[in-house]
A.B. asks: 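Mind looking over this structure? Questions follow.
Start at 1 and go down the list; that is how both ligands and their atoms are numbered. Just the heavy atoms: all of them, side chains too, but no hydrogens, waters or symmetry mates, feed the values below.
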Amino acid sequence: MASPEQPDEMSLAARFYAEMYLIRRFEETLLEMFSAGKLVGTTHTCIGQEANAVGVIAALEPERDIVFSNHRCHGHYLAFTDDPRGLLCEVMGREGGTCGGKGGSQHLCRGNFYSNGVQGSIVPVATGMALAEREKGSGAVTTVFLGDGTLGQGTVYECMNLASAWSLPLLIVVENNFYAQSTPSSLTLAGSIPSRAEAFDIDTQHLDTTDVQSIHEAARAAIASVRETVRPFCLVLDTYRFSPHSKGDDNRDEAEIEARRTRDPLLITGALLPEAERLEIERRCEARLEDEVAHAEASTIAGAAA
Ligand SMILES: Cc1ncc(C[n+]2csc(CCOP(=O)(O)OP(=O)(O)O)c2C)c(N)n1
Ligand SMILES: [Mg+2]
């Protein structure tokens with residue numbers, strides 16, 4: 001969602017660039033803090049995948065629509081809430097964190113946003129939420145993000161089955177980054193990903209792009225379809241993460257990672273902006289993040305006062 005610091009007259013490309021840049025720099029900052037020993041626990045960054053979070057979530061109505069995310073949730077959270085302060089305090093275990101500093105990087109809950117690190121666990125919860133919202137007649141679309149590796153969890157298919165059989169307003173977004181931790185999905189996935197949803201009579205669209213505006217257009221159409229037909233929809237987004245699975249665990253071929261950098265979503269959208277505008281967006285974002293880091297570092301450790 002647009003930051004209060006972003007001027008109203010910003011183009012869509014500028015707004016999307018600002019949102020993706022914030023996610024990118026937020027997560028790079030987290031990795032730097034881990035290396036400096038300022039953070040403990042774990043974290044999974046979506047560096048390289050930001051266009052999915054920003055493009056899809058910008059097509060939702062934050063007041064009524066609901067988002068469920070997974071272990072790799074920072075980008076989804078920031079795109080939905082524009083709350084780097086709450087997230088940083090949360091990851092650092094500080095008072096003022098989204099969940100009081102108790103949930104950490106993977107377990108976030110704020111308003112209509114929920115995430116959980118147990119692979120696949122959030123899909124039945126999202127399906128139940130979609131049922132509840134349909135019964136309430138709220139018109140809300142429930143969106144659930146999952147990775148290609150999570151397609152190995154049987155519950156995903158139970159949910160696809162019920163979402164289709166019961167006509168639930170559920171958008172399933174599969175972010176296919178071709179890996180589950182260190183395992184290439186080609187070793188574990190038979191058939192095609194879209195055909196898995198199609199087998200349950202779920203309308204499906206498959207995109208191989210890191211252009212945030214293309215993803216946004218597809219998401220707008222998918223969400224309009226879910227809202228109007230009150231039927232599930234599955235969006236399969238091919239993507240790539242430049243960062244390790246978590247902090248340092250990466251066994252992928254370096255040449256493969258480098259080749260993918262030409263499709264960096266920040267490069268693609270940044271190239272659409274006049275340089276001065278792009279640099280100004282970056283400057284504002286850096287200043288904001290610097291403030292947030294200082295704020296979080298000065299905040300009380302959660303529970304310390306008790
Ligand atoms: C039930 C369960 N098993 C194992 C894990 C450990 N784990 C965390 S992420 C992950 C791989 C997930 O792959 P994918 O769904 O493709 O998402 P990606 O990490 O690529 O975004 C694994 C095995 C877990 N969180 N939950
Ligand atoms: Mg994956």
A.B. asks: Rounded to the nearest 0.5 Å, how far does OG of Ser164 lie from CZ of Arg231?
C.D. replies: 4.0 Å
A.B. asks: Can you check whether His76 reaches Thr143 side chain to side chain, under 4.5 Å on heavy atoms?
C.D. replies: no
A.B. asks: Out of Thr209, Asp208, Thr239, which residue meets the side chain to side chain donor-acceptor pair (under 3.5 Å) rule with Arg263?
C.D. replies: Asp208
A.B. asks: Relative to the Mg ion (ligand 2), how many protein N, O or S atoms have a separation of less than 2.8 Å?
C.D. replies: 3
A.B. asks: Do Pro62 and Asn112 touch side chain to side chain, with heavy atoms closer than 4.5 Å?
C.D. replies: no
A.B. asks: For residues 219-229, pull every pair meeting side-chain hydrogen bond (donor to acceptor under 3.5 Å, both in side chains), keeping only residues two or more places apart or in separate chains.
C.D. replies: Asp65-Arg227
A.B. asks: Measuring from Leu168:CG to Leu171:CG, what's the distance to the nearest 0.5 Å?
C.D. replies: 13.0 Å
A.B. asks: Distances for all N or O pairs of ligand 1 and the protein under 3.5 Å?
C.D. replies:
unit_1   : atom_1 : unit_2 : atom_2 : d
ligand 1 : 3 (N)  : Gln119 : OE1    : 3.4
ligand 1 : 15 (O) : Gly149 : N      : 3.3
ligand 1 : 15 (O) : Thr150 : N      : 3.0
ligand 1 : 15 (O) : Thr150 : OG1    : 2.6
ligand 1 : 16 (O) : Asp148 : N      : 3.3
ligand 1 : 16 (O) : Asp148 : OD1    : 3.0
ligand 1 : 16 (O) : Gly149 : N      : 2.6
ligand 1 : 16 (O) : Tyr179 : O      : 3.0
ligand 1 : 19 (O) : His71  : NE2    : 2.7
ligand 1 : 19 (O) : Arg72  : NH2    : 2.8
ligand 1 : 20 (O) : Asn177 : OD1    : 3.0
ligand 1 : 20 (O) : Asn177 : ND2    : 2.8
ligand 1 : 20 (O) : Tyr179 : O      : 2.9
ligand 1 : 21 (O) : Arg72  : NE     : 2.7
ligand 1 : 25 (N) : Gly117 : O      : 2.9
ligand 1 : 26 (N) : Gln119 : N      : 3.1

A.B. asks: Taking atom CD as the centre, does Glu135 end up with more than 12 heavy-atom neighbours from other residues, nucleotides or ligands that are less than 6.0 angstrom away?
C.D. replies: yes
A.B. asks: For residues 40-52, which residue pairs pass the salt bridge (charged side-chain N to carboxylate O under 4.0 Å, His left out) check, not counting sequence neighbours?
C.D. replies: Arg24-Glu50
A.B. asks: Start with the C-alpha distance between Glu286 and Arg283, add both sets of side-chain angles, then the distance that settles salt bridge (charged side-chain N to carboxylate O under 4.0 Å, His left out), and finish with yes or no.
C.D. replies: CA-CA 5 Å; Glu286 299 293 348; Arg283 189 198 60 74; over 6 Å; no
